[in-house]
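What follows is a structure written as structure tokens; I'll ask about it next.
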Number of protein chains: 2
Amino acid sequence: MSSPDVTWGCGGERPLRRDAERNRRRILEAAREVFAERGLGVTMDDIADHADVGVGTVYRRFPEKEALIEALFEERVEELVSLAQEAMAEDDPWDALVGFLERGQALQASNRGLKELVLSTGYGRERVACMRDRMAPLVHGLVERAQASGQLRPDIVGTDLPLIQVMLGGIVDFTRDVDPDTWRRMLAIIVDGLRAREPLTPLEAPALDPSQVEQAMHGWKPLRC
Amino acid sequence: MSSPDVTWGCGGERPLRRDAERNRRRILEAAREVFAERGLGVTMDDIADHADVGVGTVYRRFPEKEALIEALFEERVEELVSLAQEAMAEDDPWDALVGFLERGQALQASNRGLKELVLSTGYGRERVACMRDRMAPLVHGLVERAQASGQLRPDIVGTDLPLIQVMLGGIVDFTRDVDPDTWRRMLAIIVDGLRAREPLTPLEAPALDPSQVEQAMHGWKPLRC
DNA sequence: CGAAAACGGAGAGCCGAGCTCCGGTTCGTG
DNA sequence: CACGAACCGGAGCTCGGCTCTCCGTTTTCG
């Protein structure tokens with residue numbers, strides 16, 4: 001909106017001095033790593049240290065964290081959307097759904113920052129909200145197709161999928177430094193619970209509607225943020 | 001160990017003055033409510049305000065939060081153990097298991113502080129650790145019985161239950177001020193996923209052993225704590 | 001009534017995170 | 001190579017939030 005050649009160094013106004021440009025790259029790289037490992041809650045000092053650079057340098061280049069985060073996660077967030085698109089392209093509706101759950105979670109498990117960005121609200125809100133709007137119909141489609149083919153239990157609804165992500169996200173956090181793959185175990189259980197077959201334990205509680213999910217994300221602080 | 005008649009006012013050394021005793025009760029009551037509603041992260045000021053009492057008074061009675069928490073949650077934590085015991089007494093092994101999951105989660109859903117106490121480590125560690133030691137064999141028994149009766153899938157293990165609690169706990173947090181019953185929906189899915197029936201999605205990741213669960217709880221900070 | 005006990009809550013001390021500022025360093029141009 | 005501009009570094013200031021103390025005031029009770 002008003003930022004200089006700060007976010008896209010490639011074709012900017014006047015090129016940065018060599019050392020400045022070097023540091024800019026370092027910071028971006030460090031931020032990528034640190035966000036992925038430790039989540040969005042890391043301090044600017046953390047990033048600076050990791051980049052072997054002074055805090056001042058970080059602030060000079062990225063006056064606020066928001067910009068840094070947004071620049072970094074754009075691509076990752078897109079990845080999530082295209083995951084859903086690819087899933088819709090899959091032949092078998094059940095495999096599509098399960099594959100989407102599995103790959104989506106794997107993505108989030110590999111990047112703590114991404115997980116926090118997607119599940120919470122408060123950082124890239126604009127971009128993430130818009131991403132969710134694009135996801136919703138795809139997810140809805142995945143669910144409907146799998147139900148039409150008789151493989152997914154009929155009482156499931158699109159908004160249940162984010163909830164499943166939240167559950168698995170919790171497991172990922174919980175078991176992170178003990179066994180980072182335990183979420184797959186839980187996913188397998190959940191997947192079997194999603195199959196259409198008797199007897200079905202009735203889902204006593206009503207499904208959430210999209211606005212409720214939205215609202216839940218607002219009030220939500222996964223760890224620190 | 002060295003505390004005065006602070007935690008058990010009933011039969012203590014010399015009785016508190018009337019106003020002091022009244023305030024002590026108020027504080028305990030307020031703490032109970034506030035912990036249940038907002039979790040263990042609340043400040044002493046929060047408690048004092050809620051009790052209509054000055055902070056000083058709270059500190060005079062309960063020099064550290066730990067004591068306050070421990071005094072309050074003793075009973076609640078016992079409740080969890082007896083839940084498992086009652087479950088073991090149930091006739092049908094499957095109903096026992098499912099009922100235990102359901103009631104255990106309901107207890108934690110109704111009391112945010114309890115949930116944090118049980119799932120994390122850092123507050124009543126002594127008491128909670130000992131509680132877990134008592135739970136472990138019971139839970140193990142519940143699992144084995146349900147498997148022996150052919151109702152529970154055979155690849156489940158005792159340590160999977162705490163993980164299920166973690167997942168549901170995440171949902172409880174997430175949906176707290178949107179629809180506090182959504183966790184039941186997810187539980188139903190999970191329960192169906194636990195049934196022994198073909199096809200079973202294989203649990204690719206290995207189960208955690210108890211020490212890993214313990215370790216996971218250590219590194220774990222649900223919200224703030 | 002008066003001493004002892006208890007109260008209240010302002011504020012001191014602390015901590016962690018965000019951010020600034022300026023003496024020193026590096027660049028690159030004349 | 002020399003010099004000004006651009007940039008760096010990181011000590012330290014600010015700020016908000018929390019824990020805990022201290023003492024003038026109030027309450028209890030013999």
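Reminder, nothing fancy here: chain letters follow the sequence lines and each chain counts from 1.
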TODO: Find the distance A:Glu66:CD to C:dG18:P and express it as a whole number of Å.
DONE: 13 Å
Open item on the list: Quick check against the 3.5 Å criterion: does B:Glu116 have a side-chain atom that pairs as donor or acceptor with the backbone of B:Leu40?
Closed with: yes
Task: Between P of D:dC7 and CZ of A:Arg26, the distance in whole Å - done: 16 Å
- [ ] Name all pairs fulfilling the side-chain hydrogen bond (donor to acceptor under 3.5 Å, both in side chains) condition that reach into residues 205-216 of chain B, sequence neighbours left out, sorted by first residue then second.
- [x] B:Asp209-B:Ser211
Could you list, one pair per line, each protein nitrogen or oxygen that sits under 3.5 Å from a nitrogen or oxygen of nucleotides 19-23 of chain D, together with the distance?
residue	atom	partner	partner atom	Å
D:dT19	OP2	B:Met44	N	3.4

TODO: State which residues pass side-chain contact (heavy atoms from CB on, under 4.5 Å) with B:Leu107; sequence neighbours excluded, sorted by chain then number.
DONE: B:Glu79, B:Leu80, B:Leu114
Task: Salt-bridge present (A:Glu86, A:Arg103; N to O < 4.0 Å) - done: no
- [ ] Would you kindly give the CD-to-C1' distance between B:Glu21 and C:dA5, to the nearest whole Å?
- [x] 14 Å
Open item on the list: I'd like to know whether B:Asp181 forms a salt bridge (Lys or Arg N to Asp or Glu O under 4.0 Å) with B:Arg184, so could you lay out the CA-CA distance, the side-chain angles of the two residues, the decisive distance to 0.1 Å, and finally the verdict.
Closed with: CA-CA 6 Å; B:Asp181 272 343; B:Arg184 293 179 185 279; 3.6 Å; yes
TODO: Output yes when at least one side-chain N/O atom of A:Asn23 is less than 4.0 Å from OP1 or OP2 of D:dC7, else no.
DONE: no
Open item on the list: Assess whether a salt bridge exists between A:Glu29 and A:Arg32, defined as any Lys/Arg side-chain N lying under 4.0 Å from an Asp/Glu carboxylate O.
Closed with: yes
Task: Between P of C:dG18 and CD1 of A:Ile69, the distance in whole Å - done: 10 Å
Open item on the list: Restricting to salt bridge (Lys or Arg N to Asp or Glu O under 4.0 Å), what partner residues turn up for B:Glu78, sequence neighbours left out?
Closed with: B:Arg134
Open item on the list: The criterion is side-chain contact (heavy atoms from CB on, under 4.5 Å); which residues satisfy it with A:Ala188, sequence neighbours excluded?
Closed with: B:Thr201, B:Leu203
- [ ] In whole angstrom, give the distance that lies between atom CZ of B:Arg38 and atom P of D:dC18.
- [x] 10 Å
Open item on the list: Output one letter per nucleotide in nucleotides 24-30 of chain C: B when a protein non-hydrogen atom lies under 4.0 Å from the base, S when only the sugar-phosphate is that close, - when neither is.
Closed with: --BSS--
